[in-house]
Amino acid sequence: MQPAFYDRPVLEVARDLIGCVVRRGECSGVIVETEAYHDSEPACHAFGGLTPRTATLFGPPGAAYVYLSYGVHALLNAVCEPEGVGAAVLIRALMPLTGVELMAQRRGRSPQAQRELCSGPGKLSQALGISLADNRGDLLHGPVTFEPRPAQLGAPAVSTAPRIGITRATELPWRFCLSGSRFLSAPLPRR
DNA sequence: CATGGGATTGACT
DNA sequence: GTCAATCCCATGC
């Protein structure tokens with residue numbers, strides 16, 4: 001995925017990432033759920049401006065923004081829009097593709113429980129071995145890399161919904177899901 | 001320097 | 001359905 005891919009409006013990138021592949025080492029998965037965050041709205045960490053914590057968000061596009069949620073989980077984002085704009089796409093769920101055994105081992109689950117391996121932003125980080133050390137990493141060169149959508153998957157049908165787990169700007173439909181996927185972090189709202 | 005909130009998960013009732 | 005774990009970092013004194 002070239003740097004120019006991320007140097008676009010974050011809503012476009014969030015939608016276009018559905019069906020693409022995230023890889024770290026031997027483990028990889030197809031992105032089935034994303035959320036967009038932008039410094040113009042209060043749910044975004046960058047809303048409060050440039051601080052040591054948000055420096056990655058305001059940095060160049062195509063970097064990984066990894067931060068600790070609830071003191072427990074490392075959450076993976078892709079920094080978007082030009083340098084100076086604080087925006088990123090949160091990766092919320094994957095369909096496991098390769099390295100399933102290692103992912104299951106890291107998650108403390110059976111390899112057969114594929115739906116439990118990456119169906120949540122904290123889960124997929126644990127499965128891929130992503131930590132705060134991956135913050136600010138280059139998504140083109142790794143260790144965490146994003147790859148274009150496999151051609152055999154075809155054009156994905158994408159559904160939109162309100163974002164999950166936030167308390168502000170809950171009205172924005174900035175969650176993007178692969179329609180009908182069984183690997184989402186939570187079901188799509190009815191209708 | 002002390003405090004409190006948070007883009008979650010899993011265990012338990 | 002409820003709730004604790006756990007820690008970074010922004011804010012305020």
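Only a predicted model underlies this, so the values are computations on that prediction, with no experimental measurement involved. We name chains A, B, ... by the order of the sequence lines, and we start the count at 1 in each one.
Stem analysis of DNA chain C (Watson-Crick or G-U pairs, both distances under 3.5 Å, runs of at least three) returns B:1-6 with C:7-12, B:8-12 with C:1-5.
Using a 4.5 Å heavy-atom threshold, the side chains of A:Arg175 and A:Ser185 count as touching. Between A:Arg109 and A:Leu117 there is a side-chain heavy-atom pair separated by less than 4.5 Å. When side chains are defined from C-beta on, A:Val32 counts as touching A:Leu184, because their heavy atoms get closer than 4.5 Å.
Residues of residues 82-113 of chain A having a heavy atom closer than 4.0 Å to DNA chain B, listed by number: A:Leu90, A:Arg92, A:Arg107, A:Arg109. Of the residues in residues 72-81 of chain A, those lying under 4.0 Å from DNA chain B by heavy-atom distance are A:His73, A:Leu75, A:Asn77.
Among residues two or more places apart in sequence or in another chain, the side-chain hydrogen bond (donor to acceptor under 3.5 Å, both in side chains) test is passed with A:Thr170 by none. The side-chain contact (heavy atoms from CB on, under 4.5 Å) test applied to A:Ala133 returns A:Ser131, not counting sequence neighbours. Taking A:Ser40 as the reference, A:His38 meet the side-chain hydrogen bond (donor to acceptor under 3.5 Å, both in side chains) condition, with sequence neighbours excluded. Under the rule for a side-chain hydrogen bond (donor to acceptor under 3.5 Å, both in side chains), the partners of A:Arg23 that lie at least two apart in sequence or sit in another chain are A:Glu147. Under the side-chain hydrogen bond (donor to acceptor under 3.5 Å, both in side chains) criterion, A:Tyr6 pairs with no residue at all, not counting sequence neighbours. With sequence neighbours excluded, the residues forming a side-chain contact (heavy atoms from CB on, under 4.5 Å) with A:Cys20 are A:Met1, A:Leu17, A:Ile31, A:Arg149, listed by chain and number. With sequence neighbours left out, A:Leu11 forms a side-chain contact (heavy atoms from CB on, under 4.5 Å) with A:Ala36, A:Trp174, A:Phe176.
Place A:Gly71 and A:Gly122 on DNA chain B by their nearest nucleotides, and A:Gly71 ends up nearer the 5' end.
The footprint of chain A on DNA chain B, defined by a heavy-atom cutoff below 4.0 Å, extends from B:dG6 to B:dG10.
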(message) Can you build the contact string for nucleotides 8-13 of chain C? Use B for base contact, S for sugar-phosphate-only contact, and - for no protein heavy atom under 4.0 Å.
(response) -SS---
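The nearest pair of heavy atoms linking A:Ala93 to A:Leu124 is N-CD2, 3.6 Å. In this structure, A:Glu83 and A:Pro61 approach most closely via the heavy-atom pair N-CD, 4.0 Å.
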(message) I'd like to know whether A:Tyr37 forms a ring-ring contact (aromatic ring centres under 6.0 Å, His included) with A:His45, so could you lay out the CA-CA distance, the side-chain angles of the two residues, the decisive distance to 0.1 Å, and finally the verdict.
(response) CA-CA 8 Å; A:Tyr37 289 86; A:His45 291 164; 7.4 Å; no
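A:Phe47 and A:Leu50 end up in different hydrophobic clusters when Ile, Leu, Val, Met, Phe, Trp and Tyr side chains are linked at under 4.5 Å. A:Leu75 and A:Phe183 sit in two unconnected hydrophobic clusters of ILVMFWY residues. Membership requires side-chain heavy atoms under 4.5 Å apart, directly or through other members.
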